[in-house]
Amino acid sequence: MKNRNVNELDELISVMSKSEKRSLSMRLSGSKMLRLFNAINAKRPFNDKQLHNLKSQLYRQIVKVLRSSSVETTLQEGLDQARTFMERKLYVQSYKALLKVKHLSDHYHQSTYSLQVILLELKLRTIDPTLSDIPKIESLQQRYRQVSQELSTIGERYMLMLTFQELYFRQGVQAMINPMPEAPSLGAGFYQRFFHLKTAIYYKLLSGQLTDISGIDGLFEAYPQMLEIERSEYDRILRVINPGITEKKIFTDDPCIIADYLHTAKLYYNEGLYNNALDYLIPFLNTRLNYRIDLQREAKILLISCHSHLGNGSVIKSLTRSLKRMEQAAL
């Protein structure tokens, strides 16, 4: 196998949590791979040729740790275990494995896995009707209909959210858009509410309204366990609404989020919040990604206008010269 690049290992290590790093250190205790891991984690140089040859092995060990801490991996392994027991006619053990998957999938609102559990329970009930612990066919059929309906609703909410999101990133603020659908009922599950709130965020942005993330925050306060599997999506929404900017730099390579900076700057500008608009315009213009020249020109003009409203006359001349150079380069 081709040796792994140190940069690949560095990227992999950077996404590990503290508990995952502890788990890996225990797994690699006393080995040369642990020396390599510690060196890369501490960003120390290393010249040992033997360590270089261990990069691929370390990569595989890290992937194992990451997989073992994944909720979806645990659920899938539980289903595989239940199927294996079923094939070996160990029906009681198969059902016990399914119960663990059922509790975990319910806890994390993973309806697709809940549906698979029901189907396997139905199969077990069909194979051996004498198993007293397994719910009756009628009960399983009712649960199947409930979960199927929930998945259908989640799918509809998700597709609508994607439609609004794509429309916003492609065209920005719209004069006329489809009406916002009604909020899900109080008894709705996490993902029905989650996708509805995301849809509402993009609906407001499309309508030219400023928005916030309070609804999403409230949802995760009610379902704190969901941050374990939706942390990256939560952070992404947070960056769209209120991006983390330090020293006027964008700390994301998501082109959708970066393109959104210009749209958000316009919203703040229209509200007369010129300093807030600058917080989005400057990182947009400083990004290394190659955006269309017309968008760069629009951002420059908006930047000059913001400084003009704020009375920052000392920077307007240099910005105007920069705009002229941009236009000449585009000819």
Side-chain angles (χ1 to χ4, degrees), residues 71 106-112 114 146-245 250-252 254-273 276-277 279-281 283-284 295:
V71 171
D106 288 346
H107 182 66
Y108 288 103
H109 300 270
Q110 300 299 300
S111 300
T112 54
S114 297
Q146 290 173 345
V147 176
S148 297
Q149 180 59 46
E150 182 180 343
L151 281 170
S152 177
T153 306
I154 290 172
E156 291 172 3
R157 299 270 177 186
Y158 180 67
M159 294 306 296
L160 183 61
M161 182 274 295
L162 288 180
T163 300
F164 280 3
Q165 176 182 286
E166 184 177 5
L167 187 62
Y168 176 64
F169 285 136
R170 285 182 177 273
Q171 301 179 30
V173 176
Q174 303 289 304
M176 296 291 292
I177 58 174
N178 296 329
M180 180 67 194
E182 293 182 3
S185 64
L186 293 176
F190 171 83
Y191 281 105
Q192 289 168 283
R193 296 168 64 185
F194 183 51
F195 291 131
H196 175 79
L197 288 169
K198 287 180 67 178
T199 302
I201 287 173
Y202 285 109
Y203 181 86
K204 287 184 178 181
L205 292 173
L206 277 165
S207 306
Q209 306 173 48
L210 292 174
T211 185
D212 58 44
I213 201 168
S214 58
I216 298 286
D217 280 337
L219 183 62
F220 279 107
E221 286 176 8
Y223 299 92
Q225 76 277 18
M226 297 308 293
L227 274 176
E228 294 179 41
I229 54 179
E230 294 294 348
R231 166 64 70 178
S232 61
E233 188 59 25
Y234 173 82
D235 290 342
R236 186 178 189 278
I237 301 170
L238 188 62
R239 290 196 301 268
V240 169
I241 304 304
N242 185 25
I245 303 173
I250 298 175
F251 289 98
T252 177
D254 189 326
C256 290
I257 293 174
I258 296 172
D260 184 53
Y261 276 53
L262 181 56
H263 297 312
T264 307
K266 292 178 188 177
L267 297 180
Y268 279 118
Y269 180 86
N270 292 334
E271 294 287 329
L273 302 172
N276 295 85
D279 283 338
Y280 288 81
L281 286 169
F284 175 83
L295 293 183

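Small disclaimer: the values here were computed from a predicted structure and weren't measured.
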- Task: Keeping to residues at least two apart or across chains, list the salt bridge (Lys or Arg N to Asp or Glu O under 4.0 Å) pairs with something in residues 219-232.
- Result: Arg231-Asp235

Closest non-hydrogen atom pair between [X] and [Y], with its separation:
| X | Y | result |
| --- | --- | --- |
| Leu197 | Gly215 | CD1-O, 3.5 Å |
| Ala265 | Ala277 | O-CB, 3.5 Å |
| Tyr191 | Tyr108 | CE1-O, 4.1 Å |
| Met226 | His107 | SD-O, 4.4 Å |

- Contacts of Thr112 meeting side chain to side chain contact (heavy atoms under 4.5 Å, CB included) (sequence neighbours excluded), chain-then-number -> Leu151

- Query: Quick one: side chain to side chain contact (heavy atoms under 4.5 Å, CB included) partners of Glu150, sequence neighbours excluded?
  - Reply: Ser111, Ile154, Gln192

If you measure from [atom1] on [X] to [atom2] on [Y], what distance do you get to the nearest 0.5 Å?
| X | Y | atom1 | atom2 | result |
| --- | --- | --- | --- | --- |
| His196 | Met161 | NE2 | CE | 12.5 Å |
| Asn276 | Tyr269 | CG | OH | 14.0 Å |
| Ile216 | Tyr234 | CD1 | OH | 8.5 Å |

- Message: Could you work out, with side-chain hydrogen bond (donor to acceptor under 3.5 Å, both in side chains) as the rule, every residue matching Thr153, not counting sequence neighbours?
- Response: Gln149

- Item | Partner set under side-chain hydrogen bond (donor to acceptor under 3.5 Å, both in side chains) for Glu233, not counting sequence neighbours | Lys198

- Message: Strictly distance-based, threshold 3.5 Å: is any side-chain N or O of Thr199 a donor or acceptor partner for the main-chain N or O of Phe195?
- Response: yes

- Query: Partners of Tyr223 by ring pair (Phe, Tyr, Trp, His ring centres under 6.0 Å), sequence neighbours excluded?
  - Reply: His109, Phe190

